[in-house]
There are 2 protein chains.
Amino acid sequence: MDAPSRLADRMQRGDVFAPRCPSREVLKHVTSTWGVLVLIALRGGTLRFSELRRKAAGVSERMLAQTLQQLEGDGLLVRRSYPVVPPHVEYSLTEFGQEAAQHVEALADWIEERLPELAKAAEP
Amino acid sequence: MDAPSRLADRMQRGDVFAPRCPSREVLKHVTSTWGVLVLIALRGGTLRFSELRRKAAGVSERMLAQTLQQLEGDGLLVRRSYPVVPPHVEYSLTEFGQEAAQHVEALADWIEERLPELAKAAEP
DNA sequence: GTCCATACTTACCTCTGCGTACGTACTTAC
DNA sequence: GTAAGTACGTACGCAGAGGTAAGTATGGAC
């Protein structure tokens, strides 16, 4: 539970409790406001940029592009661009992305379901 | 074409895709950098402030206090303070907190396990 | 010709996440 | 007397999150 004593151990498995562990970076991307929504939205299948933008209501183009690049950099989604006249780009989850999205959606679902009870318990 | 009675149904469950939904607030707290670590740390049982601080390496006192207050406000953990000479405060998860922490830990665990594969797939 | 849609990028500006440093009130240890 | 541990609160400041507006290239609708 404490700081890993061996360098080799750290390379084998991540440790979110360790400040320098790259797993914190991935976790940051996956649990970011827009990262969560993008992952869940893409669980339904491939989507285009503008479709994602409409689905994750409230996201700006800037943040959506940045979020997509981060998740692509983490190997969680793939970008397919077709060189056609009106730009056409498709985003879909990799196998890793599917697994991550599953966990993220489970959490989001739980919050959505429990929200009324939480709100009631939190402010009496 | 208005159905005010149906609106109440919408209030029953959260929707993270809706910008104004309070579930986004809870999600923000739960998935924040320190929120994640606190929830996971407290799955092992009750902990004191300084114990949490040591466990979640890298957190500042300021951020830990703020994170704890947010999670308490969401009804995910309870704070018990004993009026003794050196301050003694205990934090533990509520039932809701246990459930939330379970999902969060599942996600963190997944990232920790897949990290080497992700890193390999992400930088060719 | 003008407007719109697509998938971005860049410049600019605001807001807040977060660390640092210090203060508090008290006790124990040196 | 000084330091340290406990559980915070507060003031300061930087860096990054994140919104808005504009630009790019191109074809179709009007």
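Residue numbers start from 1 in every chain, and the chains themselves are labelled A, B, ... in the order their sequence lines are given, proteins ahead of strands.
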Atom [atom1] of [X] to atom [atom2] of [N]: distance rounded to whole Å?
| X | N | atom1 | atom2 | result |
| --- | --- | --- | --- | --- |
| A:Met63 | C:dT10 | CE | C1' | 13 Å |
| A:Arg53 | D:dT20 | CZ | C1' | 11 Å |
| A:Glu51 | C:dA5 | CD | P | 15 Å |
| A:Glu25 | D:dA17 | CD | C1' | 14 Å |
| B:Leu52 | D:dT6 | CG | C1' | 14 Å |
| A:Leu47 | C:dT6 | CG | P | 13 Å |

Using a 4.0 Å heavy-atom cut-off across all strands, classify B:Ser81 as base, sugar-phosphate, or nothing.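 The answer is nothing, as B:Ser81 stays clear of every strand by at least 4.0 Å.
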Please classify the nucleic acid contact of B:Ser32 as base, sugar-phosphate, or nothing, using heavy-atom distances under 4.0 Å.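 Counting heavy atoms under 4.0 Å across all strands, no contact is made by B:Ser32.
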Counting only side-chain heavy atoms from C-beta out, which of [options] sits nearest to [X]?
| X | options | result |
| --- | --- | --- |
| A:Pro87 | C:dG17, C:dT6, D:dG19 | C:dT6 |
| B:Gln66 | D:dG19, C:dG17, C:dG19 | C:dG17 |
| B:Val85 | C:dA7, C:dC26, D:dT6 | C:dC26 |
| A:Arg48 | C:dG19, C:dT6, D:dA7 | C:dT6 |
| A:Pro86 | D:dT6, D:dG19, C:dT6 | C:dT6 |

Please work out which of the three classes, parallel, tilted or perpendicular, describes the rings of A:Trp110 and B:Phe96, given edges at 30° and 60°.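 Perpendicular, since the angle between the ring planes exceeds 60°.
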Protein-nucleotides 8-14 of chain D N/O pairs closer than 3.5 Å?
| residue | atom | partner | partner atom | Å |
| --- | --- | --- | --- | --- |
| D:dC8 | OP1 | B:Arg79 | NH1 | 2.3 |
| D:dC8 | OP2 | B:Arg79 | NH1 | 3.4 |
| D:dC8 | OP2 | B:Tyr91 | OH | 2.4 |
| D:dC8 | N4 | B:Glu61 | OE1 | 2.2 |
| D:dG9 | OP2 | B:Gln69 | NE2 | 3.1 |

Keeping [X] on the side-chain end and [Y] on the backbone end, is there a donor-acceptor pair under 3.5 Å?
| X | Y | answer |
| --- | --- | --- |
| A:Arg24 | A:Val16 | yes |
| B:Asp74 | B:Leu76 | no |
| A:Gln98 | A:Arg43 | no |
| A:Glu112 | A:Asp109 | no |

Measuring to OP1 and OP2 of D:dA7, would you say a side-chain N or O of B:Ser50 lies under 4.0 angstrom away?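 So the side chain of B:Ser50 is within the cut-off, an N or O lying under 4.0 Å from OP1 or OP2 of D:dA7.
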With a 3.5 Å limit on both atom pairs, tell me what C:dC30 is paired to, counting Watson-Crick and G-U wobble, or say none.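 Matched C:dC30 with D:dG1 under the 3.5 Å cut-off.
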Using a distance-only test with no angle check, is there a side-chain donor-acceptor pair under 3.5 angstrom linking A:Glu90 and A:His88?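 Present: a donor and an acceptor within the cut-off.
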Mind listing the side-chain donor-acceptor pairs of residues 30-39 of chain A below 3.5 Å, one per line with the distance, residues two or more places apart or on another chain?
| residue | atom | partner | partner atom | Å |
| --- | --- | --- | --- | --- |
| A:Thr31 | OG1 | A:Leu27 | O | 2.6 |
| A:Thr31 | OG1 | B:Thr31 | O | 3.2 |
| A:Ser32 | OG | A:His29 | O | 2.9 |
| A:Ser32 | OG | A:Gly35 | N | 3.0 |

